[in-house]
Amino acid sequence: MIITASRIKPRPTAARPKTIETKFFPSPRRGLMLAENVANQSPEGALVLENWICTPTGVRVRGGTAKRYTLDDPVISMWEYIHTSGARKFAATETDIFDLTAVADPDTVPTSVLTGQTSGYYVGAHMGTVAGQYMIVVNGTDDAILLDGATLMALNSGSTPAFTGVDTDKLSHAWTYANRFFFVEKGTMNSWYLPVDSISGAALKFSLAGVFQLGGELLFGARWSLDSGAGLNAKCVFVSSKGEVAVYEGTDPASPTNWALAGLYRIADPVGLQGHVQAGGDLLIATEGGITPMSQVISKDLAALSASGVTANIEPLWRDEMSIRKSEKLELVKWSAKGLLILSLPNKGAFVANVLTGAWSTFNGLDVQCMTTWGTKAYFGSAAGKIYEMEVGGSDDGALYTAKCAAVFDHLGAPGYTKRVTMGRMMFRTLSPVQAKLTCAKDYNTDFPAAPASPTDYTTISEWDVSEWDEGIWDATTSLQYRSGWVGVKTLGATVSWQVQLTYGVTPLPRAELVSVELAYQPADAIN
């Protein structure tokens, strides 16, 4: 008898429990998101974003700063005068004005072009006439100064040309509108204006005393144009220290038929004489409640303005900073060449926004007392009398700086349960390998561990006007590369926030854009 073995059909086994999952996080291109419920935030936002710049596709590490000029006292203000033969750079201390146009040595204090002043906080305005390009700057305590392309001269009732009607040492702000120079008389509700296409002559008074009702003083004026220029829709805006805004239409304040009050509005108290900029077809005004567009002022109540302001996403941080800076001279600068909007924070750094996306980050570790743009470059002056160029090189004038990013918290699909993060991977778009540190914070605590060291062998393509000819790398590839790699990350918590840190103290400009982060973790059912 032949016995055959029967084939035994194997029993199905239970599915092996999955113990590792991954989650993909895009770069926080929405920037700082500090006005949302921290327990239920949308992705692509950050809770900390120090020394990064938001781009339309992600966030990149800011460039360093380099000393370009040295003055003999704290830098109070800076400005650029553009005339037919070129542009000139000026900076002021409390007592002196310096022409920096032809200064080459960053460590040599140049000879001042004007001495004996009693205030260094100048505000100026340009205007072109048939005779040329002119600029008038005022500071509220000294005679107004006329720049005519060749010289600086005091402008007053006894000068040639003469400026009459008001003592020019009382003028604290200047702007142009309808081919006229307008000025603010410090400590009053009075504005003064010159004849059309004139840099001198008899100034006429236009008082806002019967218009503003909350007291204070006239702080500044500006041109506001809904068509992004100075065309038919242009209006003249007057702003008081108590947040009242008067908007006028017309071109001649002396004419009842060609000058009329278009509206009187309220904003939070403005933060300074130079806390406003033209941006496209709008006028942005920095206030204690945020940066407010004039287009929103005319349609919303004061209580609703902060929610629709440019700074809505960082309102808690903004209000905290403004509450301790009421007496400081904050300045708002639009850096068109880089597409950035920057608000100075003296002794700390700056708030920085991408003009295209409105995403905010912060610059830390910079003594930004005043700011300006000269040509396509941005500069800030320090309390130590130094003037630095921004976004140049990979160190802060030789000192290290660290970029810190902490994403919004995420519960990894299992609210209320503990998860264990084991590994992470960063994706960078960069010219050179990065030396980044990836960690995870947990349960709404954003404290950072120690920062990584700066690269010691950092190389990248050299830049014109920055690198030395005999030392620069001119044949390197200009193509940005995507670089990534897994690293160990040990975190146990109900919610997690990934953190990325990079430290730089190198010569070349860092070109490192964070694209994404991935986390590998054990889900709740694997560890509970």
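Quick caveat: nothing in here was measured; it's all calculated off a predicted structure.
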Using side-chain contact (heavy atoms from CB on, under 4.5 Å), reason through Y265 and V247 one step at a time and then give a plain yes or no. CA-CA 8 Å; Y265 309 97; V247 179; 3.9 Å; yes
Evaluate R429 against E513 for salt bridge (charged side-chain N to carboxylate O under 4.0 Å, His left out), listing each step before the verdict. CA-CA 5 Å; R429 187 167 175 258; E513 180 178 6; 3.6 Å; yes
Applying side-chain contact (heavy atoms from CB on, under 4.5 Å), run through S240 and E217 and close with a yes or a no. CA-CA 6 Å; S240 81; E217 62 187 86; over 6 Å; no
Passes salt bridge (charged side-chain N to carboxylate O under 4.0 Å, His left out), D396 versus R62? Steps please. CA-CA 11 Å; D396 281 340; R62 73 162 172 89; 2.8 Å; yes
Chi angles and distances behind the side-chain contact (heavy atoms from CB on, under 4.5 Å) call for C54, L49: CA-CA 9 Å; C54 297; L49 206 53; 3.7 Å; yes
Applying salt bridge (charged side-chain N to carboxylate O under 4.0 Å, His left out), run through K235 and E249 and close with a yes or a no. CA-CA 5 Å; K235 306 180 192 305; E249 295 177 325; 2.6 Å; yes
Using side-chain contact (heavy atoms from CB on, under 4.5 Å), reason through T65 and L366 one step at a time and then give a plain yes or no. CA-CA 9 Å; T65 59; L366 304 177; 4.0 Å; yes
Hey, mind stepping through R60 and E391 against salt bridge (charged side-chain N to carboxylate O under 4.0 Å, His left out) and telling me if it holds? CA-CA 12 Å; R60 68 172 177 86; E391 277 289 286; 2.9 Å; yes
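If you look at W192 and F183, their ring centroids are not closer than 6.0 Å. Ring-centre distance between F238 and Y248: below the 6.0 Å cut-off. Taking the six-membered ring for Trp and the full ring otherwise, W52 and F363 have centroids separated by 6.0 Å or more. Between W175 and F181, the distance separating the two ring centers is not shorter than 6.0 angstrom.
Put simply, the side chain of R180 reaches to within 4.5 Å of the side chain of D252, judged on heavy atoms. For the pair Y122 and V138, the minimum side-chain heavy-atom distance is 4.5 Å or more. Looking only at side-chain heavy atoms (C-beta outward), L34 and L47 come within less than 4.5 Å of each other. Taking 4.5 Å as the limit, some side-chain heavy atom of F220 sits within range of a side-chain heavy atom of P270. Y134 places a side-chain heavy atom less than 4.5 Å from the side chain of T129. Using a 4.5 Å heavy-atom threshold, the side chains of I285 and I267 count as touching. At a threshold of 4.5 Å between non-hydrogen side-chain atoms, the residues M78 and K89 do not count as touching. Within the 4.5 Å cutoff, side-chain heavy atoms of L340 are placed close to those of I53.
The two residues L264 and E244 have their closest heavy-atom pair at CD2-OE2, 4.3 Å. Counting all heavy atoms, side chain and backbone alike, V237 lies closest to W224 at CG2-CB, 3.6 Å. Taking both residues in full, the closest heavy atoms of D282 and M294 are given as OD1-N, 3.2 Å, listed atom of the first, atom of the second, then distance. Minimum heavy-atom separation, R29 to P56: CD-O, 3.5 Å. Across S382 and Q369, no two heavy atoms sit closer than the pair C-CG, 3.6 Å.
Side chain to side chain, D96 and S112 meet the donor-acceptor criterion of an N or O pair below 3.5 Å. For the residue pair D105 and T108, a side-chain donor N or O sits within less than 3.5 Å of a side-chain acceptor on the partner. Side-chain atoms of N313 and E36 include no donor-acceptor pair closer than 3.5 Å. Judged purely by distance below 3.5 Å, without hydrogens or angles, the side chains of D148 and T151 pair a donor atom with an acceptor atom. With no hydrogens or angles considered, a side-chain donor-acceptor pair links T118 and T141 at under 3.5 Å.
A distance of 5.5 Å separates NZ in K67 from CG in D397, rounded to the nearest 0.5 Å. Residue L332 holds its CG atom at 9.0 Å from NE2 of H276, rounded to the nearest 0.5 Å. The distance from atom NZ of K329 to atom OG of S77, rounded to the nearest 0.5 Å, is 9.5 Å. Here CG of L114 is found 4.5 Å from CD1 of I97. Values are rounded to the nearest 0.5 Å. K404 contributes atom NZ, which lies 9.5 Å from atom CG of N51 (distance to the nearest 0.5 angstrom). With values rounded to the nearest 0.5 angstrom, L147 atom CG is found 10.5 Å from I199 atom CD1.
For the side chain to side chain contact (heavy atoms under 4.5 Å, CB included) with K377, the qualifying choice from K338, E389, R68, M390 is E389, the only one to do so. No option in I145, V137, L152 other than L152 meets the side chain to side chain contact (heavy atoms under 4.5 Å, CB included) test with F90.
Scored by the side-chain hydrogen bond (donor to acceptor under 3.5 Å, both in side chains) test, D99 finds R88, T101 as partners (sequence neighbours excluded).
The environment of NZ in K242 is sparse: at most 12 heavy-atom neighbours from other residues, nucleotides or ligands sit within 6.0 Å.
The aromatic rings of Y177 and W259 sit perpendicular to each other, their planes meeting at more than 60°, with 30° as the lower class boundary.
With respect to the salt-bridge test (charged N to carboxylate O, under 4.0 angstrom), the residues K386 and D367 do not qualify.
Contacts classified as ring-ring contact (aromatic ring centres under 6.0 Å, His included) and involving residues 305-362 (residues at least two apart or in different chains) are given here: W318-F351.
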